[in-house]
Protein chains: 2
Amino acid sequence: MNDEPQLTRIQTRNRAAILSGGLDAFSIAGFRGATLDQIAEAAGLSKPNLLYYFPSKDAIYTALLEHLLATWLDPLHALDADGDPVEEILAYAQRKLVMSRDYPRESRLFANEILAGAPQIGAVLAGPLRELVDEKAVVMRGWMDAGKIRRTDPHYLIFSIWALTQHYADFDVQVRAVLGQADPFEGAGRFIDQLYRSLLDTAHDDHL
Amino acid sequence: MNDEPQLTRIQTRNRAAILSGGLDAFSIAGFRGATLDQIAEAAGLSKPNLLYYFPSKDAIYTALLEHLLATWLDPLHALDADGDPVEEILAYAQRKLVMSRDYPRESRLFANEILAGAPQIGAVLAGPLRELVDEKAVVMRGWMDAGKIRRTDPHYLIFSIWALTQHYADFDVQVRAVLGQADPFEGAGRFIDQLYRSLLDTAHDDHL
DNA sequence: TCTTGATTTGACCGAACGGTCAAACAAACG
DNA sequence: CGTTTGTTTGACCGTTCGGTCAAATCAAGA
């Protein structure tokens, strides 16, 4: 049942350090561009010691992707069919934006994997991810049929939320270069709110 | 004046093949992840022959980025302060989307460079790009002051267009995995149109 | 035709790569 | 304390990396 039966303190500490170092390296340079020496230095370990805890570079990368995927879809999962439609979608977008703010390395790791053609997680995209998206698309279509939000394509709506929120993690360097020093996430949150409210709210144009 | 005074047919053909092969390799794996052997094979040349036309891996990468930057900002440049505000912004978004459809490798090359921290084009982002964005933000603010489009933050509006359009090039694999086989760009164009029309149009809620 | 310059390549270089291994070292526990 | 298990590392291996070079080949004009 339990994959990791007993871990010593040292194992827990060093495995975490390796995963953090690997996240640093892979999220910047991708799988092929990152090196074990970089990861070892970031983790504060020697390269052979690193390979004492993980059998290969691949294993570190796979562990990171698995851990990522385990939480990456939570915000969409939490979209509640019984909640207020506009507020549910807005809250989903805000959750995704918070993830971009708090876990930018994870977002960039994901982006690098997709850019490389999703060699590791391609099956997840075409399987569980697609099913989840389709399920939530049905929910949204129900809201549209009920006249609670304006009619639009639910799949592209979800894509737009992914794009808008992950942009602030993946293209952080560009955003900050254009905006100057300020923290972009507050303004981004406000804009995204306004954008989807004006798209989804039926109060504005329908029965006035 | 002219950087490349005379190029033989062979030089023209082989330089183009190398740049295309480099674009393939760098856009998938990033600068560090791509190898000269990959580029040489994609270009149909031997590695030493490749280095006869370009002095180094860096030179290929730099040439690609320079060529990219020369055209990357054209769609935003074309945003006309004297045109119809809503249609200008919509047309800009559509131009960017067409670039994602027709030049996905260039978009992914750019994405990889930014993800890596923009080591080569950081100065361009903080310089010419920022100035261009600020200039167009002033134009948009003028439109808002004149009541021609709804008031919002011009910088985040531009970011949102970048995010929404480049997403379909950079995350193409993911989009196609979720949608199935279909071509995503037609639907994306429709959605983006609807999205920005509902955000920007003042006809709906203001003076009704 | 011959010659000259442009092009191509096999062989090679030192460095960096992912990974191995035996030996040294530290921690826990009786 | 000694022993046993867990941990760390220096030295090393084969491969791949970016890049070099002299020699071979090709193209084109006199």
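In what follows, every chain begins at residue 1, and chains take the letters A, B, ... in the order their sequences are listed. Not measured: the values here are computed from a predicted model.
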Applying a 4.0 Å non-hydrogen cut-off, can you work out what [X] is touching in the nucleic acid: base, sugar-phosphate, or nothing?
{"X": "A:Phe54", "result": "nothing"}
{"X": "B:Leu51", "result": "base"}
{"X": "B:Ala34", "result": "sugar-phosphate"}

Tell me which of B:Asp37 and A:Tyr52 sits closer to the 5' end of DNA chain D, going by the nucleotide each one is nearest to.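 The 5'-side residue here is A:Tyr52.
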Between [N] and [X], is there an OP1 or OP2 to side-chain N/O distance shorter than 4.0 Å?
{"X": "A:Thr8", "N": "D:dT7", "answer": "yes"}
{"X": "A:Asn14", "N": "D:dT8", "answer": "yes"}
{"X": "B:Tyr53", "N": "C:dA6", "answer": "no"}
{"X": "A:Asn49", "N": "D:dT9", "answer": "yes"}

With distance as the sole criterion, is a donor-acceptor pair present between the side chains of A:Gln194 and B:Thr152 under 3.5 Å? yes
Taking atom [atom2] of [N] as reference, at what distance in whole Å does atom [atom1] of [X] sit?
{"X": "A:Lys47", "N": "D:dT9", "atom1": "NZ", "atom2": "C1'", "result": "12 Å"}
{"X": "B:Gln11", "N": "C:dG5", "atom1": "CD", "atom2": "P", "result": "15 Å"}
{"X": "B:Ile10", "N": "C:dT7", "atom1": "CD1", "atom2": "P", "result": "6 Å"}
{"X": "B:Phe31", "N": "D:dG18", "atom1": "CZ", "atom2": "P", "result": "8 Å"}
{"X": "A:Arg13", "N": "C:dA26", "atom1": "CZ", "atom2": "P", "result": "14 Å"}
{"X": "A:Ile18", "N": "C:dG19", "atom1": "CD1", "atom2": "P", "result": "13 Å"}
{"X": "A:Leu7", "N": "D:dT5", "atom1": "CG", "atom2": "P", "result": "19 Å"}
{"X": "A:Leu50", "N": "C:dC21", "atom1": "CG", "atom2": "P", "result": "17 Å"}

Please tabulate, for side-chain N and O atoms in residues 65-84 of chain B, each donor-acceptor pair with protein atoms closer than 3.5 Å (sequence neighbours left out).
residue	atom	partner	partner atom	Å
B:Thr71	OG1	B:Leu68	O	3.3
B:Asp80	OD1	B:Asp82	N	3.0
B:Asp84	OD2	B:Glu87	N	3.1

Using the closest heavy atom to pick a nucleotide of DNA chain C for each, name whichever of A:Gln38 or A:Pro55 lands nearer the 5' end. A:Gln38
When you get a sec, tell me which of [options] is the closest nucleotide to the side chain of [X]?
{"X": "B:Lys57", "options": "D:dT9, D:dC17, D:dG19", "answer": "D:dG19"}
{"X": "B:Ser56", "options": "C:dC17, C:dG19, D:dG19", "answer": "D:dG19"}
{"X": "A:Leu36", "options": "C:dT20, C:dG19, C:dT8", "answer": "C:dG19"}

Distance (rounded to the nearest 0.5 Å) between A:Leu115 CG and A:Arg108 CZ: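 If we round to the nearest 0.5 Å, A:Leu115:CG and A:Arg108:CZ are 13.0 Å apart.
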Stepwise, does the salt bridge (charged side-chain N to carboxylate O under 4.0 Å, His left out) test hold for B:Asp153 with A:Arg190? CA-CA 9 Å; B:Asp153 189 310; A:Arg190 274 198 298 269; over 6 Å; no
Charged N to carboxylate O below 4.0 Å: is that the case for A:Arg105 and A:Asp24?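 Salt bridge present between A:Arg105 and A:Asp24.
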